[in-house]
Participant: 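One structure follows; several queries about it will come next.
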Amino acid sequence: MKARRVLVHTSIQPVRWGDMDALGHVNNTVYFRYMEQARIEWVHGLGPEARAYERSGPVIVNASCTFEVPLVYPGEVEVRMFLGGLGRTSVGSHYEIFKNGRRHAEGAAKIVWIELATGRPSDALLM
């Protein structure tokens with residue numbers, strides 16, 4: 001059974017000339033940067049009470065991306081971030097990358113919240 005996903009953040013980001021590779025499309029590694037930027041915006045948007053990175057913070061334990069249609073410069077991408085699959089110290093994040101209303105990729109990353117002093121998983125994610 002597929003875990004329910006909830007849209008938690010949408011990020012608009014520029015496609016930069018330097019994002020492209022010798023083949024004339026956005027390099028595959030950049031898709032992960034687009035997803036990362038959306039994730040960082042979401043964490044910082046949790047509010048001052050969340051105090052991201054003060055004592056604990058998120059790390060990624062795995063990430064994936066399915067490339068559907070190549071992205072090219074110029075333009076902007078819309079990255080939609082969803083959460084689903086909540087664990088004791090982790091949560092699944094899922095992403096859809098659009099340009100001009102067309103989906104170009106989908107991805108996922110498992111986020112584990114850790115105590116920065118010890119590097120051990122923390123249940124602070126659920127607080």
Side-chain angles (χ1 to χ4, degrees):
M1 185 165 129
K2 194 174 189 178
R4 183 172 173 263
R5 297 178 182 179
V6 177
L7 179 65
V8 294
H9 184 68
T10 299
S11 175
I12 305 297
Q13 302 173 41
V15 176
R16 299 167 301 194
W17 174 258
D19 291 345
M20 295 197 310
D21 59 21
L23 298 175
H25 57 75
V26 171
N27 187 278
N28 291 359
T29 62
V30 177
Y31 291 71
F32 288 95
R33 290 186 190 141
Y34 294 150
M35 291 183 278
E36 174 188 57
Q37 181 63 36
R39 187 169 48 251
I40 295 302
E41 290 173 11
W42 169 72
V43 168
H44 284 281
L46 293 176
E49 66 277 2
R51 296 182 153 146
Y53 310 110
E54 184 176 275
R55 292 191 185 105
S56 63
V59 295
I60 302 303
V61 296
N62 62 41
S64 65
C65 187
T66 300
F67 307 96
E68 298 170 358
V69 179
L71 285 166
V72 295
Y73 174 89
E76 292 181 325
V77 292
E78 175 184 330
V79 183
R80 298 176 189 168
M81 179 181 174
F82 302 83
L83 293 181
L86 186 62
R88 190 177 63 77
T89 60
S90 67
V91 64
S93 62
H94 307 274
Y95 308 85
E96 293 180 335
I97 300 174
F98 289 83
K99 183 179 174 200
N100 298 327
R102 183 175 186 187
R103 192 168 88 172
H104 287 255
E106 67 173 337
K110 186 173 186 178
I111 302 170
V112 174
W113 218 263
I114 64 165
E115 295 294 332
L116 299 177
T118 65
R120 303 290 305 154
S122 167
D123 61 4
L125 175 69
L126 304 179
M127 295 179 180

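Note that the structure is a prediction, hence the values are computed from the model and not measured.
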Participant: Heavy-atom distance under 4.5 Å between the side chains of Lys99 and Val69, does that happen here?
Facilitator: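 They are not in side-chain contact.
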Participant: Using the side-chain contact (heavy atoms from CB on, under 4.5 Å) criterion, which residues pair with Leu83? Sequence neighbours excluded.
Facilitator: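 Checked Leu83 against side-chain contact (heavy atoms from CB on, under 4.5 Å); matches are Val8, Trp42, Met81, Val91, Ser93.
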Participant: Could you pull out the closest heavy-atom pair between Ile114 and Gly119, with the gap in Å?
Facilitator: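 What the structure gives for the nearest pair is CG2-O, 4.0 Å.
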Participant: Could you tell me which non-hydrogen atom of Ala108 sits nearest to which non-hydrogen atom of His94, and how far apart they are?
Facilitator: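 Looking at all heavy atoms of both residues, the shortest contact is CB-ND1, 3.8 Å.
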Participant: If every non-hydrogen atom of Ile60 is compared with every non-hydrogen atom of Ala109, which pair is closest and at what distance?
Facilitator: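 So the two residues come closest at CG2-CB, 4.0 Å.
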Participant: Give the minimum heavy-atom separation between Gln13 and Ala38, together with the two atoms involved.
Facilitator: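 Closest approach of Gln13 to Ala38: NE2-N, 3.8 Å.
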Participant: Can you list everything that forms a side chain to side chain donor-acceptor pair (under 3.5 Å) with His9? Sequence neighbours excluded, please.
Facilitator: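 By the side chain to side chain donor-acceptor pair (under 3.5 Å) rule, His9 matches Glu41.
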Participant: Pairs in or reaching into residues 63-73: which pass side-chain hydrogen bond (donor to acceptor under 3.5 Å, both in side chains), with residues at least two apart or in two chains?
Facilitator: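 The answer is Glu68-Arg103.
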Participant: Should Gln37 and Val79 count as side-chain neighbours, where that means a heavy-atom distance under 4.5 Å?
Facilitator: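 Not touching, per the 4.5 Å side-chain cut-off.
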Participant: List the residues meeting side-chain contact (heavy atoms from CB on, under 4.5 Å) with Leu7, not counting sequence neighbours, and say none if there are none.
Facilitator: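 With neighbours one apart ignored, the set is Thr10, Arg80, Phe82.
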Participant: Indicate yes or no: at least one non-hydrogen side-chain atom of Pro58 is less than 4.5 angstrom from one of Val43.
Facilitator: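 Yes, side chains in contact.
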Participant: Checking His104 now: which residues fulfil side chain to side chain donor-acceptor pair (under 3.5 Å) with it, not counting sequence neighbours?
Facilitator: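 His104 satisfies side chain to side chain donor-acceptor pair (under 3.5 Å) with no other residue.
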Participant: May I ask you to list the residues sharing a hydrophobic cluster with Leu23, side-chain cutoff 4.5 Å, ordered by chain and number?
Facilitator: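 Cluster partners of Leu23: none, it stands alone.
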Participant: Can you name the residues that form a side chain to side chain donor-acceptor pair (under 3.5 Å) with Glu106, not counting sequence neighbours?
Facilitator: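 Glu106 satisfies side chain to side chain donor-acceptor pair (under 3.5 Å) with no residue once adjacent residues are dropped.
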Participant: Pair up each side-chain donor or acceptor in residues 28-36 with any protein partner under 3.5 Å, not counting sequence neighbours, and list the distances.
Facilitator:
{"residue": "Thr29", "atom": "OG1", "partner": "Asn27", "partner atom": "OD1", "Å": "2.8"}
{"residue": "Tyr31", "atom": "OH", "partner": "Leu71", "partner atom": "N", "Å": "3.2"}
{"residue": "Tyr34", "atom": "OH", "partner": "Asp19", "partner atom": "OD2", "Å": "2.7"}

